Amino acid sequence: MAAEIGQFTLIIALCLAITQSVIPLIGAYKNNFSWMAVGRTTASGQFLFLIISFICLTYCFVTNDFSVLYVANNSNTLLPVYYQISAVWGAHEGSLLLWVLCLAGWGYAVSIFSRSLPEDVVARVLAVMGMVSIGFLSFTLLTSNPFERLFPAAIEGRDLNPLLQDPGLVIHPPMLYMGYVGFSVAFAFAIAALLSGKLDSAWVRWSRPWANIAWVFLTIGIALGSWWAYHELGWGGWWFWDPVENASFMPWLVGTALIHSLAVTEKRSTFKSWTVLLSILAFSLSLLGTFLVRSGVLVSVHSFASDPERGVYILAFLAVVVGGSLTLYAWRATQFSSGGRFDMVSKETMLLINNVLLVVAMLTILIGTLYPLFLDALGLPKLSVGPPYFSAVFVPLMLPLVVLMGIGPLAKWRRVPIKELFNKLKILLVLGVVLGIVMPLAIYRDTTVMTAVGIAAGAWAILTSVFAITRLIAKRDSSTSVTKALSKIPRAMYGMVIAHIGIGLFIFGVVFTSAFSDQKEISVKFGEQIELAGYTFNLKSVGSVQGPNYQAMRGTVDVHKDGEFVTNLYPEKRIYTVQQNPMTEPGIDTGWFRDLYVSLGEAVSENEWGFRIYYRPFVQWIWIGCLFMSIGGVLGAMDKRYRTLTKTSKQTTQTRLSTPVTPT
Amino acid sequence: MKILLTIIICLALSVGASASFITVAPEYEERYEKLLSELRCLVCQNQTVAESPAGLADDFRIEVKEMLERGATDEEILTFMSERYGDFILYNPPVKARTYLLWVGPFVLLVGGILIVIMLVRKRATNIPRNELTEQDKQRLQSLLGDEDKK
């Protein structure tokens, strides 16, 4: 029964989405306020019905309803209940449902938080979001229905993929999707502005907090994915330049460019059409990511060709969205005024270069990800593009970006006296370089040129960001206290500084981990001691353990340093009962400055086991850095000027007509 | 999700694999690790030989180890592997006619991007009059945003 209700509400949501994309648009065109107001009610209605639909699917999982095909394929009675819930988005159909739910959630948020915006703008924005929603809802219903019945019902489910049975994977997809889908709001604002032909700085101010929040979700989502890979895959890596990772990283790069470009457009009303283009691009890349991951094209072009239904649908949708919005862009963008004047050396130019570097980085990843597919499609010999390629082309692009990141915030709009800027920064520059040389030598008594450059870049990012705040404090009147001066600095400024410090911490993490990691892969007898990076590892025993839905061999490892006890680690090798797959569950001791990471291999004999030990310095800083970036993004979106917006609405907002609850 | 499946397949393949661990003499360790991280495990979806637990990866490890011990250079080893198994095995794609676009593309894009910036900024620095918004624009903006927050 729940499955039928779920399917039915899904269809209702589709009908509402169709209404939402047509009626408000006509209303905006004809200046009919009651038609425009339909946008808000349908957006709320769509969200409500999708919540019901989602709850229905969750209910099927929790009650082990194996007459639903999707549940039977992805759950099991022995699965712990929290994994039964996360199994809802554990495979294709359910994650699509989560996707449309997120989309409807964003639409609802827009309808709530945009009370102060002109009605016609809200109507157009919601209509565009409705169109996106139609695309995905019909995709779900036509090709990937999660509520499809299985007859006769299965007696037992096939269990959730064991790799997904991890806390990281419980929250990673929702965060990532919130980010992906979040860019649909900025996209909708851009398209709405193109449709209305009024592309002033106002729409940028409305769109900016939304882009920020979407970017934050995407940042958290990607970071969680990387954290999960580190914890679950068992070889201590945190980023693999895998096509699936690249698919989420490309919208992140363009999203980063977008939030910077929005800043210029809001403050200086330049780069308007460029900002519109970035908004379209960010969302298009989210769609492309969905296509790459969902169509099976990554596994092989041929497997895509043999089962093309889903892939072709998304590809067609992608073509309509990208083609349509670019056509609209080409038609309208020339009408926009191009904004103010600025000099060669100015904040505007620096932000423009920031954008160029980020977009080129994205295109590079795009080329690297699609290149093997193209060769394959052309029938040429297969080719692999992997980490060595990406590091070789990506890092050189990021270095100038970090250098600029230090200068940009201190530069002035329009024109920067170069000499003055250099005088301000020369001490920090020297300090950064010195730290880059000294830190690795002081901590590890070893360094390379690349390591020194990397650490210098990280130090530079942090130093200049802190300086951006202290400079403002130093400039205060003699009468104001430091705390008062601090409280006067806008939140967006703090947001930027914290996010940039996050980049610095992230760089420290990446550089130290890749330069000074150590590892050993050996077979060990019980009681034998292994030395690695100053730590002594002692494999005491390996015994069997019974989990809720798996059996495991669990090793006990003592770790000592200089004769002092440090920690116990318990790496496991699990066999999940249903799918019979061996899974590695590493034992990890997390620390501020290093992780100790042990994973269990195969048994060599009764008291000898294969064993992988990793020493990973500063690896946690990678995710701490991402956390800082996210906090920065939230602070940016919470800036006072976006909140005052809601209070000043009286002159602009036309009286809103109360409409009855949407008939369905 | 597909990749996860293939990782599982790889792991499953490893069950039958030889349980012995391949270790190299300390003087080769660094080169050995680096070479393994540039080779692709052919039966996995997307994993380096260094990361792969599959049995085939063990065969590659032994091959690399033996060549190292025979005194082959890194380049000789990689060339040997790609001649035997195809370019697909190399994560660092070789520069040849088929990959020109891959290697040159990013730099062409970068140069193009920088050129566009220079052209744009030049135009901006000279052609555009100093005043920015017309009175009318300002009024419209003001009415849309309200009177607060003049900056």
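Just so we're clear, the structure is a prediction, and the values are computed from it rather than from any experiment. Labels below follow one simple rule: chain letters A, B, ... track the order of the sequence lines, proteins then strands, and each chain is numbered from 1.
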When you compare the side chain of [Y] with that of [X], does any pair of heavy atoms fall below 4.5 Å?
{"X": "Y91(B)", "Y": "W241(A)", "value": "no"}
{"X": "L101(B)", "Y": "I367(A)", "value": "no"}
{"X": "L110(B)", "Y": "L357(A)", "value": "yes"}
{"X": "P93(B)", "Y": "Y389(A)", "value": "yes"}
{"X": "P387(A)", "Y": "E38(B)", "value": "no"}
{"X": "D87(B)", "Y": "K382(A)", "value": "no"}

*Kindly give the heavy-atom pair with the smallest separation between T364(A) and P106(B), and that separation in Å.*
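That closest heavy-atom pairing would be OG1-CB, 3.5 Å.
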
_Candidate pair F107(B) and V393(A), rule side chain to side chain contact (heavy atoms under 4.5 Å, CB included), full reasoning_ = CA-CA 9 Å; F107(B) 297 95; V393(A) 290; 4.2 Å; yes

*Contacting region of L378(A) [heavy-atom separation from chain B under 4.5 Å]*: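 For L378(A), no heavy atom lies under 4.5 Å from chain B.
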
*Could you tell me which portion of L380(A) (side chain, backbone, both or neither) has an atom closer than 4.5 angstrom to a non-hydrogen atom of chain B?*
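Just its side chain gets close to chain B.
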
Just how far is it from atom [atom1] of [X] to atom [atom2] of [Y], taken to the nearest 0.5 Å?
{"X": "I353(A)", "Y": "I114(B)", "atom1": "CD1", "atom2": "CD1", "result": "5.5 Å"}
{"X": "L109(B)", "Y": "M362(A)", "atom1": "CG", "atom2": "CE", "result": "9.5 Å"}
{"X": "I89(B)", "Y": "L383(A)", "atom1": "CD1", "atom2": "CG", "result": "13.0 Å"}
{"X": "Q519(A)", "Y": "E29(B)", "atom1": "CD", "atom2": "CD", "result": "9.0 Å"}

*Are there more than 12 heavy atoms of other residues, nucleotides or ligands under 6.0 Å from atom CD of E27(B)?*
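Check passes, neighbour count above 12.
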
*asked:* Is it the case that atom CD in E30(B) sees more than 12 heavy atoms from other parts of the structure closer than 6.0 Å?
replied: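 Atom CD in E30(B) is not crowded, with 12 or fewer foreign heavy atoms closer than 6.0 Å.
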
*Quick one: which of S384(A), G237(A), P388(A) has the most heavy-atom pairs under 4.5 Å with chain B, could you say?*
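Among S384(A), G237(A), P388(A), the one with the most close pairs to chain B is S384(A).
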
*Please look at S82(B) and chain A and tell me whether the side chain, the backbone, both or neither of the residue comes under 4.5 angstrom of a heavy atom of that chain.*
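Answer is neither: S82(B) stays 4.5 Å or more from chain A.
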
